[in-house]
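If you're wondering where the values come from, they're calculated on a predicted model, not measured in any experiment. The figures here come from the full heavy-atom set of this structure, side chains too, leaving out hydrogens, waters and symmetry mates. A note on names: the letters A, B, ... follow the listed sequences, proteins ahead of strands, and every chain is numbered from 1.
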There are 2 protein chains.
Amino acid sequence: MTSRAEAADMPDDGEIKTPDRLRRRASRLLSQMTAQSDRLTNEGLAQADARKWHYAALASLQEYGPGSQATLSRRTGIYRSDMVAVLNELAERGLVERAPDPGDRRRNVITITAQGRRHLHCLDKVLDDLHEELLAPLLPAERDQFVDLLTRLVDHHTQQAHRAP
Amino acid sequence: MTSRAEAADMPDDGEIKTPDRLRRRASRLLSQMTAQSDRLTNEGLAQADARKWHYAALASLQEYGPGSQATLSRRTGIYRSDMVAVLNELAERGLVERAPDPGDRRRNVITITAQGRRHLHCLDKVLDDLHEELLAPLLPAERDQFVDLLTRLVDHHTQQAHRAP
DNA sequence: TTACATCGTTAGCGCGACTAACGCAACAAG
DNA sequence: CTTGTTGCGTTAGTCGCGCTAACGATGTAA
């Protein structure tokens with residue numbers, strides 16, 4: 001019989017007693033934080049007529065150079081099947097060029113255009129602001145460490161996943 | 001004033017300003033990490049015939065006592081509309097009891113059963129293991145700090161969100 | 001009474017992660 | 001040359017989560 005809090009009528013959260021295994025679970029915290037992060041990101045990118053995937057594709061093109069759709073897919077983590085639509089949208093806007101690879105007729109070679117680079121630069125600014133807003137409550141040193149810890153976690157788990165198949 | 005690269009027209013960046021900005025963005029890292037976390041969590045909970053929402057509902061019931069569906073909804077962050085199905089599934093399994101509130105005929109009072117408490121205890125063990133697996137690459141001190149930083153971030157943003165409407 | 005707020009419930013949208021399956025092209029082995 | 005395997009682009013569809021809209025029934029306040 002847990003007879004501590006009756007709360008039969010109006011519990012109405014005012015002060016929480018911190019028994020807290022709901023609030024300190026990494027999985028839950030990550031979900032909540034990512035929900036917020038995604039919301040902000042989508043909001044910001046929507047004002048630039050873009051989505052997260054657009055940014056990932058463009059950035060990977062600029063950093064690692066042109067490549068086939070499958071290559072882009074591996075670089076960004078976007079699935080091959082979803083890449084199609086992303087590149088359609090980017091090509092429609094003239095941010096990217098899709099040309100058949102003469103050396104391998106199965107492939108398309110995707111290249112970022114000048115307009116694409118301009119757009120990417122704009123998106124970068126948006127995301128920089130968002131990054132700051134996201135980590136606002138942390139001190140500069142803490143932000144770095146947070147990013148560092150997260151990077152190590154992600155690296156570890158993606159390595160792990162890549163070793164499985 | 002950021003006087004590094006002006007980039008009024010052509011944002012050159014050969015190797016001056018091109019770290020992996022794809023890999024160090026908090027939003028992207030969070031997405032990837034949460035994807036992995038969610039995958040593991042769902043996998044683990046599936047083996048106990050449960051989902052994340054089931055755990056959240058049960059844990060909140062045990063920690064804060066019985067309450068109406070709307071109360072549970074506010075405590076867990078699960079939407080009222082989704083709570084229905086969650087409680088249906090929990091009630092089907094006999095983990096929870098749903099009874100009309102005699103004091104307010106709009107409400108249902110949700111109570112966790114003995115079996116529900118047992119099940120919750122089991123889920124807790126599963127999630128503890130997962131928590132450890134998730135943070136495996138970090139040292140104990142780092143894990144604490146990671147959770148701490150995350151908690152502060154989440155708190156800040158949920159406060160922010162609660163002040164908006 | 002009128003007006004508004006809250007509750008449980010149903011239905012549906014959008015998005016991100018993921019699978020299945022197709023047809024085509026490349027390539028290596030027999 | 002055929003045959004099997006592998007990789008490619010594409011289409012379609014699944015599933016879960018977060019979220020909105022609307023309903024009828026009930027409670028509360030003007």
Contacts of Arg23(B) that satisfy side-chain hydrogen bond (donor to acceptor under 3.5 Å, both in side chains) - sequence neighbours left out: Asp155(A)
Those residues that, when tested against Glu142(B), pass salt bridge (Lys or Arg N to Asp or Glu O under 4.0 Å) (two or more places apart): Arg152(A)
Enumerate the protein-to-nucleotides 2-5 of chain D contacts in which both atoms are nitrogen or oxygen and the separation is below 3.5 Å.
none

Which residues share a side-chain hydrogen bond (donor to acceptor under 3.5 Å, both in side chains) with Arg105(A), sequence neighbours left out: none
Partners passing side-chain hydrogen bond (donor to acceptor under 3.5 Å, both in side chains) against Arg74(A) (at least two apart in sequence or in another chain): none
What's touching nucleotides 20-26 of chain D from the protein side, N or O pairs under 3.5 Å?
residue, atom, partner, partner atom, Å
dT20(D), O4, Ser81(B), OG, 2.8

Identify all side-chain donor-acceptor contacts of residues 126-135 of chain B below 3.5 Å with residues at least two apart in sequence or on another chain.
residue, atom, partner, partner atom, Å
Asp128(B), OD1, Arg25(A), NH2, 2.2
His131(B), ND1, Ala26(A), N, 3.2

Partner set under salt bridge (Lys or Arg N to Asp or Glu O under 4.0 Å) for Arg80(A), not counting sequence neighbours: none
Partner residues of His54(A) under the side-chain hydrogen bond (donor to acceptor under 3.5 Å, both in side chains) criterion, sequence neighbours left out: Glu89(A)
Pairs touching residues 44-57 of chain B that satisfy salt bridge (charged side-chain N to carboxylate O under 4.0 Å, His left out), sequence neighbours left out: Asp38(B)-Lys52(B), Asp49(B)-Arg93(B)
Those residues that, when tested against Ser68(B), pass side-chain contact (heavy atoms from CB on, under 4.5 Å) (two or more places apart): Ala70(B), Thr71(B), Arg107(B)
Within residues 83-102 of chain A, residues whose heavy atoms come under 4.0 Å of DNA chain D: Val84(A), Arg98(A)
